[in-house]
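Contents: one structure, followed by commentary.
Read the numbers this way: they start at 1 and go in the same order the structure lists the ligands and their atoms.
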Amino acid sequence: MAKSSTTFTCSACASSYTKWSGRCDGCGEWNTIVEDKGLSKSGPSGKSLGARRGSTVQLTDLATKEAPPPRTRSGIDELDRVLGGGLVPTSAILVGGDPGIGKSTLLLQGAAQFARSGLKTIYVSGEEASAQVRMRAQRLGLTDAPVQLASETNLRDILTTLENEKPQLVIIDSIQTMWSDTVDSAPGSVSQVRSAAHELTTFAKRNGMSVILVGHVTKEGQIAGPRVVEHMVDTVLYFEGERGHQFRILRAVKNRFGPADEIGVFEMTGSGLAEVTNPSALFLSERGTPSAGSVVFAGVEGTRPVLVELQALVAPSPHSQPRRSVVGWDGSRLAMILAVLESRCGIPFAGLDVYLNVAGGMKISEPAADLAVAAALLSAREDAPLPEGAVVFGEISLSGALRPGPQTENRLKEAQKLGFTAAIAPSGGKPIEVTGMSLRQMGDLIQFVGDIFGAG
Ligand code: TYD
Ligand code: MG
């Protein structure tokens, strides 16, 4: 029986299936699985390649005498750091994010700066007319930058142009608008997006150019999301932020040329994105006098310490099933902390609504936030503020033991710089002294509850 080449792919997370279903097991989204016509039939069969024989590719060994070409810095430090210290020549980068978050703004500013640093740069917009991009450039004060613009969605025309122009950097905004005539489906579909990204990245690598692809995060099944092309590129950056907040965070989730988890912090202003060089001061700026339920967490994002305020509210619940609501942190991690507090320390949260918020629109994924979350929950529940001028960090294990995390010294130094005088942290690890900071170390959560909130 002839094998069918039809597969089904989730347009949000790129999981593939042999059968259609309504809900994707990979990411849990509904109605995102679509038929994928892009796959060709099986590869060569038998021992000999026969008529399908290709030419021999040239092999090299690992030894090299050539120095790697230097990275180009844009001069936007927050962007350069997330890239791992500047743009690596011949690299492929994906910048994902919700529509309207500021991707085009960031990349136009980046393109202008890279062009000013001497890279021949082409910015291809599939969404806006060149006149619109020029208007934006005028608003951002970038009209003098030597960036070449094009408004085009036909991939074949774009590749021909790139072949003639030979730029060093090309920006494609966005990959979902690109249309390749070799694939028989609508722009934005999984097979079009995958094929366009593949053609662009391989063309760029062969011709010694760097390519930056913009990808909108979508919830619609018919439009493929950026995760579909994550595996094809060297670096994956996500641009995040909460609506209603000015802050935007550029986060590296994959980087073949630098550390992942690095963040760059920006502020959206009337004249484009401005760098935020001291995010801790910014995230704490809205903080009033220390109150019950508010805790300052000394966190680390990539190579940089960042202090953020965690806020908790615990109130008697009018519902039979109490609410657990989290903004900026992982909901299942909150459930775990509540369970540990309940079963190891005997502090029940049954019948109580629990709200947890990371101030400033920041998202935290570090396990070292556990102790700060527990402190905020306890402080809100007992209506007792934490000792003044103290920061908190540490991971909690299911047994209730506290585990020291990485970069303790960096966290303490950052806290000291911002005027904090004390830190509550797990014991263990190597002893660390930072002048002006008193360190209170605890072995487990029971000791923490006893020491900070009295008997518990
Ligand atoms: P944009 O870069 O078009 O978002 P994306 O490409 O991710 O869809 O940014 C759109 C938002 O940014 C829009 O709501 C207006 C706002 N904005 C500013 O606040 N200031 C500015 O200088 C610019 C250019 C945009
Ligand atoms: Mg855009």
Side-chain angles (χ1 to χ4, degrees), residues 12 74-76 78-79 82-83 93-116 121-145 147-153 158 169-179 187-188 192-193 196-197 200 211-220 222-230 233 235-253 263-276 282 360-361 363:
S74 65
I76 305 174
E78 297 294 304
L79 175 62
V82 176
L83 288 173
I93 297 161
L94 170 72
V95 177
D98 290 331
I101 203 75
K103 298 180 296 299
S104 302
T105 309
L106 174 74
L107 289 177
L108 190 58
Q109 287 181 263
Q113 288 300 105
F114 281 121
R116 283 174 180 156
T121 305
I122 294 185
Y123 183 103
V124 183
S125 179
E127 298 185 341
E128 292 165 284
S130 295
Q132 279 174 298
V133 180
R134 275 199 294 273
M135 253 164 60
R136 190 194 294 247
Q138 194 173 24
R139 178 171 169 188
L140 301 173
L142 303 172
T143 40
D144 62 314
V147 179
Q148 301 281 295
L149 294 181
S151 177
E152 186 52 67
T153 57
I158 291 172
L169 172 63
V170 54
I171 293 164
I172 303 289
D173 186 4
S174 65
I175 189 67
Q176 281 112 340
T177 55
M178 293 298 132
W179 174 77
Q192 274 288 1
V193 165
L200 277 161
V211 59
I212 302 181
L213 308 175
V214 174
H216 294 294
V217 172
T218 59
K219 293 259 182 243
E220 282 168 61
Q222 292 313 309
I223 308 281
R227 292 190 62 180
V228 171
V229 298
E230 276 186 357
V233 295
T235 303
V236 177
L237 311 178
Y238 277 93
F239 205 35
E240 340 174 309
E242 292 287 329
R243 284 188 199 282
H245 284 289
Q246 303 293 85
F247 320 128
R248 299 283 183 270
I249 291 161
L250 185 67
R251 188 185 295 274
V253 298
I263 64 164
V265 185
F266 297 88
E267 189 178 357
M268 185 58 100
T269 69
S271 52
L273 289 158
E275 289 181 73
V276 175
L282 182 93
K363 283 198 184 84

Which residue owns the protein heavy atom closest to [atom], what's the atom, and how far is it?
atom: atom 20 (N) of ligand 1; result: Thr269 O, 2.8 Å
atom: atom 6 (O) of ligand 1; result: Ser104 OG, 2.6 Å
atom: atom 11 (C) of ligand 1; result: Gly100 O, 3.6 Å
atom: atom 22 (O) of ligand 1; result: Gly272 N, 2.7 Å
atom: atom 21 (C) of ligand 1; result: Arg139 NH2, 3.3 Å
atom: atom 25 (C) of ligand 1; result: Thr105 OG1, 4.0 Å
atom: atom 4 (O) of ligand 1; result: Gly102 N, 3.1 Å

Using a heavy-atom cut-off of under 4.0 Å, does the side chain or the backbone of [X] touch ligand 1, or both, or neither?
X: Met268; result: side chain
X: Pro99; result: backbone
X: Asp173; result: neither

Counting N and O atoms only, with roles assigned by atom type, does the side chain of [X] sit under 3.5 Å from a partner on the main chain of [Y], one being a donor and the other an acceptor?
X: Arg248; Y: Phe239; value: no
X: Arg139; Y: Gly270; value: yes
X: Lys103; Y: Val214; value: no
X: Gln109; Y: Leu273; value: yes

If I compare all heavy atoms of [X] with all of [Y], which pair ends up nearest, and what's the gap?
X: Gln138; Y: Thr143; result: CA-CG2, 3.7 Å
X: Leu149; Y: Ser130; result: CD1-O, 3.9 Å
X: Ile171; Y: Leu107; result: CD1-O, 3.9 Å
X: Ala129; Y: Ser151; result: CA-OG, 3.7 Å
X: Met178; Y: Gln192; result: O-OE1, 4.1 Å

>> With a cutoff of 4.0 Å, is Gly270 in contact with ligand 1, counting heavy atoms of the residue only?
In response: yes

> Can you tell me if Ser104 has an N, O or S atom under 2.8 Å away from the Mg ion (ligand 2)?
Replying inline: yes

> For ligand 1, is there an N or O atom under 3.5 Å from any N or O atom of His216?
Replying inline: no

>> Quick check on contacts: which atoms of ligand 1 are under 4.0 angstrom from a heavy atom of Arg136?
In response: 1 (P), 2 (O), 3 (O), 24 (C)

